[in-house]
Amino acid sequence: MEAQPEVDTAFDFVETRLITSAFDLLISNNSSLAHLTGTLGHRFLLLLSDFYQWRWGPDGESTAWSPSARLVRQRPIGDWTELIQRLMAEQGARIPSPSRS
């Protein structure tokens, strides 16, 4: 997928809100983007690392802050690959193997 110039130049929440409004589902590990998306009532998956943040709690997939959110936590801690593979499997997609040179 080619980068969009509109995304590269968006620096404030007004522009970010307009861009995220076009999505059916936002997937992010950015907490501020998650808060903005949730405030607007849009669906999002928040990918959580091993860094504990009080606002999301220590476990579970939901948060009182946003009913449109699903929290996706690393299992095991520190393993982004497993988390992404799990999400891809849930969506019926496949992750291509990296090409070796």
Side-chain angles (χ1 to χ4, degrees):
M1 180 177 216
E2 190 173 315
Q4 300 298 313
E6 301 85 23
V7 174
D8 294 338
T9 59
F11 293 110
D12 64 28
F13 278 147
V14 173
E15 291 171 318
T16 303
R17 178 189 62 83
L18 293 172
I19 292 168
T20 60
S21 294
F23 303 150
D24 292 330
L25 174 68
L26 177 82
I27 302 173
S28 178
N29 70 338
N30 183 295
S31 203
S32 63
L33 185 56
H35 284 296
L36 175 66
T37 303
T39 300
L40 297 169
H42 299 297
R43 292 182 333 124
F44 68 94
L45 302 179
L46 180 59
L47 312 183
L48 297 172
S49 68
D50 60 332
F51 179 71
Y52 176 78
Q53 296 182 7
W54 64 267
R55 64 185 136 285
W56 307 119
D59 54 25
E61 290 190 352
S62 62
T63 174
W65 298 110
S66 178
S68 62
R70 176 177 167 215
L71 307 178
V72 184
R73 299 172 189 276
Q74 291 180 346
R75 298 186 317 233
I77 298 298
D79 189 350
W80 285 109
T81 301
E82 186 279 332
L83 184 148
I84 298 300
Q85 288 175 337
R86 186 171 9 118
L87 287 177
M88 297 296 283
E90 288 176 8
Q91 299 300 316
R94 301 173 77 194
I95 299 175
S97 298
S99 39
R100 305 270 187 231
S101 304

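Basis for what follows: all heavy atoms, side chains included, without hydrogens, waters or symmetry-related copies. From a predicted model like this one, the values you see are computed outputs, not experimental measurements.
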For the residue pair L83 and R73, what are the closest heavy atoms and their distance?
CD1-C, 3.6 Å
Can you list every salt bridge (Lys or Arg N to Asp or Glu O under 4.0 Å) pair that touches residues 60-69, not counting sequence neighbours?
E61-R70
Measure the spacing between CZ of R86 and CG of D79 and express it to the nearest 0.5 Å.
9.0 Å
Tell me every residue that passes side-chain contact (heavy atoms from CB on, under 4.5 Å) with S31, counting only those two or more places apart in sequence or in another chain.
H35, Q53, R55, W56
In this structure, OG1 of T37 is separated from CZ of R43 (nearest 0.5 Å) by 12.0 Å
Please assess E82 against R75 for the test side chain to side chain contact (heavy atoms under 4.5 Å, CB included), listing each intermediate value before the final yes or no.
CA-CA 7 Å; E82 186 279 332; R75 298 186 317 233; 4.0 Å; yes
Test L47 against L87 for side chain to side chain contact (heavy atoms under 4.5 Å, CB included), laying out the working first.
CA-CA 10 Å; L47 312 183; L87 287 177; 3.5 Å; yes
So, for G38 and S66, which heavy atoms are closest and what is the spacing to 0.1 Å?
CA-OG, 3.4 Å
Could you tell me which residues satisfy side-chain contact (heavy atoms from CB on, under 4.5 Å) with L40, sequence neighbours excluded, listed by chain and number?
R17, T20, L36, H42
Run the side-chain contact (heavy atoms from CB on, under 4.5 Å) test against S28 and tell me which residues pass, sequence neighbours left out.
L26, N30, L33
Under 4.5 Å between side-chain heavy atoms, hopping through other hydrophobics if needed: is there a path connecting L18 to F44?
no
Residue pair L71 / G60: nearest heavy atoms and the distance that separates them:
CB-O, 3.9 Å
